[in-house]
Structure formats: C-alpha cells, structure tokens
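Given the structure is predicted, the values throughout are model-derived calculations rather than measurements.
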Amino acid sequence: MEQLAVEIVGLCREYGECRVEVERMEEVRRVKNALESVCVVARRKLDISDPALLLALLDAYEVTRDEEVLDVVGRNLDRLAVSAESVKLLAYCYYYVEEEECAERARRMLEELRKMGRGEEELADAETILEELT
C-alpha cells in the first residue's frame, strides 16, 4: 500500500511539473496514463484503509478528475483509524468533494482524540488543516 501511495504522489508531482510546458505534452499524456493505471490498481484493492494511500488517491483525483477514485476513497472512510492523519484526510476529502459528512467525521474524530488525551501539539496541524479546508 505504501508503495502505491509513493508512486501516485510521485506521478502527481511529475504531472504538475510537465503540464506547464506545452512542448512536453506527450510526456504529460504518458504520465497521466501511468497515473490512471496506478489508480486502477489501487481501486482493485479490497481494503484501502491506509490514510497515506487515500490521500494520494485524492491527489490523483485532482489530476485525473476520475470519479471512480472518489468512490474508492468514500468506501474506505469508515475504516480509518482514529488519528491526526485521518482528521487531515477527512478535511481533504471535504475540500475535494464538499461532502459535509467528511467535515463532521473529522470534527468528531478530533474531539475523540482530545478525549483520549492526545497532545495539542500532535493535533494542532490537523486542526489547522481542518479549519482551513472547511
């Protein structure tokens, strides 16, 4: 799973870099096709509950606008562990799809983390991202 996330993020970065240069359009198509192929592999996985992979898939959605990628993310949100990383992922999910349920889950998870005694330092970044994106 981690390898898929790394590959997706790398391809997204490469896509962004070469997209701005018109003379590299063939390379843009090659990278976009490779990114879509990797997303197909990710969609075939039955349990995509790794926050890093789900976040990479959201980044891939931004590039490809492939609605199936969002479906994969949506089907796996219930499997997220309670963590600061999951709060960030839910905030990004809200940003991309504007589904209020994502923002609500993120807020509830943040409160649960506070009740569990997680330090403010650990949660500060997640809370900032949640506030900025919702």
**Report entry** Nearest non-hydrogen partners of Ile8 and Ala56, listed with the distance
**Finding:** CG2-O, 3.1 Å
Hey, can you pull the donor-acceptor pairs under 3.5 Å for the side chains in residues 110-119, sequence neighbours left out?
unit_1 : atom_1 : unit_2 : atom_2 : d
Glu111 : OE2    : Arg114 : NH1    : 3.2
Arg114 : NE     : Glu120 : OE2    : 3.2
Arg114 : NH2    : Glu127 : OE1    : 2.7
Arg114 : NH2    : Glu127 : OE2    : 3.0

Query raised in the report: Do Val31 and Val9 belong together in a cluster built from hydrophobic side chains that touch within less than 4.5 Å?
Result: no
Query - Within 6.0 Å of OH in Tyr96, more than 12 heavy atoms from elsewhere - result: yes
Query raised in the report: How many angstroms lie between CG in Leu4 and CG in Leu57, if you round to the nearest 0.5 Å?
Result: 8.0 Å
Requested in this report: Provide the closest heavy-atom pair for Ala84 versus Leu123 in the form atom of the first, atom of the second, distance.
Outcome: CB-CD2, 4.2 Å
Query - Qualifying residues under side-chain contact (heavy atoms from CB on, under 4.5 Å), relative to Glu100, sequence neighbours excluded - result: Tyr94, Ala103, Glu104, Arg107
Query raised in the report: Which atom names give the shortest non-hydrogen contact between Met109 and Ser86, and what distance separates them?
Result: SD-CB, 3.4 Å
For residues 33-42, run the donor-acceptor check on the side chains, cut-off 3.5 Å, and write out each pair with its distance to 0.1 Å, sequence neighbours left out.
unit_1 : atom_1 : unit_2 : atom_2 : d
Asn33  : ND2    : Arg29  : O      : 3.2
Ser37  : OG     : Asn33  : O      : 3.1

Report task. List the steps and the verdict of salt bridge (charged side-chain N to carboxylate O under 4.0 Å, His left out) for Glu14 and Arg30. Result -> CA-CA 11 Å; Glu14 187 177 348; Arg30 180 192 61 78; 3.0 Å; yes
Report task. Enter the distance from Tyr92:OH to Asp59:CG here, rounded to the nearest 0.5 Å. Result -> 8.0 Å
Requested in this report: Rounded to the nearest 0.5 Å, what's the gap from CG on Leu133 to SG on Cys93? Could you check?
Outcome: 11.0 Å
Requested in this report: Treat each ILVMFWY residue as a node, draw an edge where side-chain heavy atoms are under 4.5 Å apart, and state whether Val82 and Leu130 are in one component.
Outcome: yes
